[in-house]
Amino acid sequence: MQRGNPKASAGAPKPAHEPRALPRMKIVAIANQKGGVGKTTTAVNLGAALAESGKRILLVDLDPQANATSSFGLQGVEDVSLYDPLLGDASITEKILPTRREGLFIVPADLDMAGAEVEIARMPNHLTRLAETLKPLHTDQTFDFVFLDCPPSLGILMSNALAAADELLTPIQCEYFALEGLVKIVRLIQQVLDSGANERLELAGIVMTMFDARTNLSQQVVADVRKHFGERVYETVIPRSVRLSEAPSFGKSILEYASSGPAAQAYRALAREFMKRHVSPATVRELSHTPASENRET
Ligand SMILES: Nc1ncnc2c1ncn2[C@@H]1O[C@H](COP(=O)(O)OP(=O)(O)OP(=O)(O)O)[C@@H](O)[C@H]1O
Ligand SMILES: [Mg+2]
């Protein structure tokens, strides 16, 4: 018998806007040993677009340059960085800051991270320090995805990211030598697999960035990369956009800075494609409809 107890509605379907829990948190390393290809821009803006669609995202800034951190205007926050957790002196859960985008959180980096690299190198478990550091997040299940914004070197921080990640998302700039860079990454993944540090690592996605539709070069590079890497290459291509390079200096993602422009639309499209690759068929159907938030000016 129905007694009017509000708890009696617990079994009712959840409202459509309520975020769905994914089966488990995924750790995605956004990595390419080449500098300036759009790793940080993709980590920040794909993260923001996924958060806009209701996912809970943690961005971990692994780069002593701290570009992802300053993209949110969070540089210089005292004592809040990955440094202490990496050295085993604090839990990562104490170092998580909110960003102005609901659902998107960050563990900042600072210049000390360069020192952490040296100190970690002396530790016996130096390749798995980050994997250990991230463990409490698996227990909490607060986040759907953790993005690791990697530095552009093949140093110990990037090796730690590859050892901790479930998969790799690699941004590639539409320019000459794109394929050569990719060959190096594939070799690196093979080394990680061979070392036994991480048996599940795969190159799950390649995102072409800074695409200039006016040049034959951009078209040619995308065609070449698709020919060799097939479906791993996202259909969505990120256009070259001055707005994308301006947004960080305002502490904003592109979704706040130029919400309805082509770059914001591209990162939203990338987020939809990303989710199609990561969730169940039922949710794919849901996501194939353009979210209402797409037209929202923020
Ligand atoms: N699609 C784009 N259009 C125009 N500029 C872009 C685009 N993507 C990134 N940029 C700019 O290019 C520069 C390099 O981008 P970003 O910092 O994302 O690369 P990165 O791979 O993280 O670099 P690093 O290797 O130094 O960490 C930045 O100034 C950024 O604002
Ligand atoms: Mg970067």
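In each ligand, atom 1 is the first atom listed, and ligand 1 is the first ligand listed. Both backbone and side-chain heavy atoms feed into the values below; hydrogens, waters and symmetry mates do not.
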With nothing but distance in play, are any N or O atoms of T209 less than 3.5 Å from an N or O of ligand 1?
no

Decide whether an N or O pair under 3.5 Å exists between T41 and ligand 1.
yes

Under 3.5 Å: N/O of P152 near N/O of ligand 1:
no

Identify the protein heavy atom lying closest to atom 17 (O) of ligand 1, giving its residue, its atom name and the separation to 0.1 Å.
T40 CB, 4.0 Å

Sub-4.0 Å atoms of ligand 1 with respect to non-hydrogen atoms of V37
19 (O), 20 (P), 21 (O)

Parallel, tilted or perpendicular, as decided by the 30° and 60° cut-offs, for the rings of F105 and F143:
perpendicular

Would you say the Mg ion (ligand 2) has Q65 as a near neighbour, meaning an N/O/S atom of that residue under 2.8 Å away?
no

Does the N or O separation between D149 and ligand 1 drop below 3.5 Å for any pair?
no

Quick test of your reading of the model: are E175 and K34 salt-bridged, counting only N-O distances below 4.0 Å?
yes

May I ask you to check if ligand 1 and Q65 share an N or O to N or O distance below 3.5 Å?
yes

Provide the number and element of each atom of ligand 1 under 4.0 Å from a heavy atom of D63.
27 (O)

Does atom 24 (P) of ligand 1 have a protein non-hydrogen atom under 4.0 Å from it?
yes

N198 side chain vs V192 backbone, donor-acceptor pair below 3.5 Å
no

shortest atom 4 (C) of ligand 1-to-protein heavy-atom contact is with S241 O, 3.1 Å

Starting at CD1 of I30, measure out to CD of E167 and round the result to the nearest 0.5 Å.
10.0 Å

Quick check on L179: does its CG atom have over 12 non-hydrogen neighbours (other residues, nucleotides or ligands) under 6.0 Å away?
yes

Output side-chain donor-acceptor pairs under 3.5 Å for residues 118-125, partner residues at least two apart or in another chain, one line each.
from : atom 1 : to  : atom 2 : distance (Å)
E119 : OE2    : Y83 : OH     : 2.7

Distance to 0.1 Å, residue and atom name: give those for the protein heavy atom nearest to atom 7 (C) of ligand 1.
M210 CG, 3.6 Å

Distance to 0.1 Å, residue and atom name: give those for the protein heavy atom nearest to atom 19 (O) of ligand 1.
G38 N, 3.0 Å

Pairs of nitrogen or oxygen atoms closer than 3.5 Å, one from K39 and one from ligand 1: do any exist?
yes

Which label fits F145 and F274: parallel for a plane angle under 30°, tilted from 30 to 60°, or perpendicular past 60°?
perpendicular

Output yes when E246 and R243 qualify as a salt bridge under the 4.0 Å nitrogen-oxygen rule, no when they do not.
yes

Neighbour count above 12 (heavy atom, 6.0 Å) for R214 CZ:
no

Close-contact set for ligand 1 against I238 heavy atoms, below 4.0 Å
1 (N)

Give a yes or no on whether N216 atom CG has more than 12 heavy-atom contacts from other residues, nucleotides or ligands under 6.0 Å away.
no

Does some non-hydrogen atom of the protein lie less than 4.0 angstrom from atom 14 (C) of ligand 1?
yes

Taking F211's backbone N and O only, do any of them form a donor-acceptor pair with S218's side chain (distance below 3.5 Å, no angle check)?
no

For atom 29 (O) of ligand 1, find the nearest protein heavy atom and state the residue, atom name and distance (0.1 Å precision).
S245 CB, 4.5 Å

For ligand 1, which atoms have a heavy atom of G35 less than 4.0 angstrom away?
25 (O)

Backbone or side chain, does any N or O of G36 fall under 3.5 Å from an N or O of ligand 1?
yes

Could you check whether E132 pairs with R129 (Lys NZ or Arg NE/NH1/NH2 to Asp/Glu carboxylate O, under 4.0 Å)?
no

Are any of the N/O atoms in P239 less than 3.5 Å from those in ligand 1?
yes

